[in-house]
Amino acid sequence: MEKSKVLIIGGTGYLGKRLVKASLAEGHETYILHRAEIGVDIDKVQMLLSFKEQGAHLVSGSFTDHQSLVKAIKLVDVVICAISGVHIRSHQILLQLKLIDAIKDAGNVKRFLPSEFGTDPARMENALEPGRVTFDDKMIVRKAIEDAQIPFTYISANCFAGYFLGGLCQPGKILPSRDSVVLLGDGNKKAIYVEEDDIAIYTIKTIDDPRTLNKTVYLRPPKNILSQREVVEIWEKLIGKELQKSSIPKEEFLASLKGQEYAQQVGLIHYYHVCYEGCLANFEIGNDAVEASELYPEIKYTTVEEYMKRYL
Ligand code: NDP
């Protein structure tokens, strides 16, 4: 079967650049949207040029120029969007409504993967303010996709390893301490951690797979379904030392949001749902969804232990 041609939007981003790499590695003809707005951002331009050197095609376009998006989309079969959606960086999820309009007009797209890559927003109808904005916006995008009958795949990637493992699951930390750790509650709720390059590799695998058409794909590498305490134990084993542990009860954690900046509050609520409620791992995958490590057992994913060794 011929491999789909892929357009990646947000190709210079934290996840987007990994999607470009994975798409090229899998042998897809890969296009990247080059937005005029990046202007003189030299890092982004250099990154795009290096992708071009590796065989990617750069396509000029802008979210403010509908026809430019339509033209770019017409070049490919599959569109993957990795536009920003983390408030502490930038949150542009609803811009995808413009992309969906362009996909509708282009009329040729066999699969669209919107910028999801986290907690399944469909399961977060009871999420707390203000963190729920991420899930609400992603659901608005889903509705637009489904109303327009655009074939889709939603990737629920759970926790990016860099954000969660790096800081031993503590918000605001991305490097593991060798002395102490604050447990969120009892630290026993299970979460799921996936290395970012692995997220991209699994994502690219799904795009030509009929089993993932119009489905949510959960990334649940079995060895990486662990509680905060278990992550800490792995780190302690690696450094040969026990960390000093304290704990922050749920009520105290929620009270600590008061007075913090909006972007921080959004992130803290996400940690709340993951670490105090176990929202990522406390449900069985239903019939409308599939699990990536079962679909692609040939992918040797990075385990939490392997990942933590990077910090030694
Ligand atoms: P980034 O913050 O790295 O941004 C990605 C890209 O979005 C940018 O490089 C840029 O692409 C594009 N972009 C940003 N602002 C604009 C704008 N105003 N107009 C048009 N394009 C814009 O994104 P992430 O990689 O952090 O996030 C991608 C997805 O992953 C999101 O859906 C997010 O929610 C999710 N995520 C999940 C996490 C988890 O733990 N599960 C953690 C982090 C993210 P360019 O300039 O190349 O066009």
Side-chain angles (χ1 to χ4, degrees), residues 7-21 30-52 56 58-65 68-69 72 79-99 102 113-121 124 131-142 154-167 169 171 174 191-200 202-203 218-220 224 263 266-267 269-271 273-275 279-281 307:
L7 171 66
I8 296 173
I9 315 269
T12 66
Y14 182 67
L15 184 66
K17 64 185 174 213
R18 293 172 164 87
L19 289 165
V20 172
K21 191 174 126 196
T30 305
Y31 293 75
I32 309 168
L33 189 75
H34 172 200
R35 292 186 304 119
E37 289 81 4
I38 72 174
V40 292
D41 185 333
I42 190 74
D43 287 328
K44 283 196 181 194
V45 171
Q46 293 291 318
M47 196 191 298
L48 288 172
L49 289 175
S50 91
F51 287 143
K52 191 166 154 230
L58 307 183
V59 206
S60 298
S62 168
F63 277 83
T64 59
D65 177 354
S68 73
L69 292 180
V79 177
I80 307 178
C81 184
I83 204 164
S84 55
V86 176
H87 281 73
I88 51 165
R89 286 164 67 79
S90 154
H91 177 80
Q92 300 293 342
I93 293 299
L94 289 182
L95 262 188
Q96 292 180 103
L97 297 177
K98 295 193 178 190
L99 186 59
L113 282 68
S115 190
E116 290 241 347
F117 308 109
T119 306
D120 180 359
M124 299 306 290
R132 61 172 302 131
V133 62
T134 311
F135 313 122
D136 289 344
D137 284 0
K138 287 182 176 177
M139 286 308 284
I140 291 171
V141 171
R142 281 192 183 192
Y154 302 140
I155 305 290
S156 175
N158 296 304
C159 297
F160 282 18
Y163 282 105
F164 283 81
L165 295 179
C169 311
I174 53 170
I192 306 168
Y193 315 93
V194 194
E195 199 257 356
E196 290 82 342
D197 281 311
D198 292 346
I199 294 174
Y202 281 122
T203 300
Y218 293 100
L219 272 49
R220 288 186 163 187
N224 292 4
V266 169
I269 289 297
H270 294 178
Y271 273 84
H273 288 297
V274 171
C275 298
C279 70
L280 300 178
Y307 192 83

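Read the numbers this way: they start at 1 and go in the same order the structure lists the ligands and their atoms. Along the sequence shown, residues carry numbers from 1. For clarity, every value in this text was computed on a predicted model and none was experimentally measured.
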Sorted by chain and number, sequence neighbours left out, side chain to side chain donor-acceptor pair (under 3.5 Å) with Tyr163 holds for none

**Q.** Pair Asp120-Tyr154, side-chain donor/acceptor within less than 3.5 Å
**A.** no

Handout entry: Gly162 backbone acceptor or donor facing Glu196 side chain under 3.5 Å
Key = yes

Ile174 atom CD1, neighbour heavy-atom count above 12 within 6.0 Å: no

Review point. Is the Phe135 ring parallel, tilted or perpendicular to the His270 ring (thresholds 30°, 60°)?
Key: tilted

Only one of Glu37, Lys98, Arg35 passes side-chain hydrogen bond (donor to acceptor under 3.5 Å, both in side chains) with Ser62, and that residue is Glu37

Within the heavy-atom cut-off of under 4.0 Å, ligand 1 is lined by Gly10, Gly11, Thr12, Gly13, Tyr14, Leu15, Arg35, Ile38, Lys44, Phe63, Ala82, Ile83, Ser84, Gly85, Val86, Arg89, Ser90, Gln92, Ile93, Leu95, Ser115, Glu116, Phe117, Gly118, Lys138, Asn158, Cys159, Phe160, Tyr163, Phe164

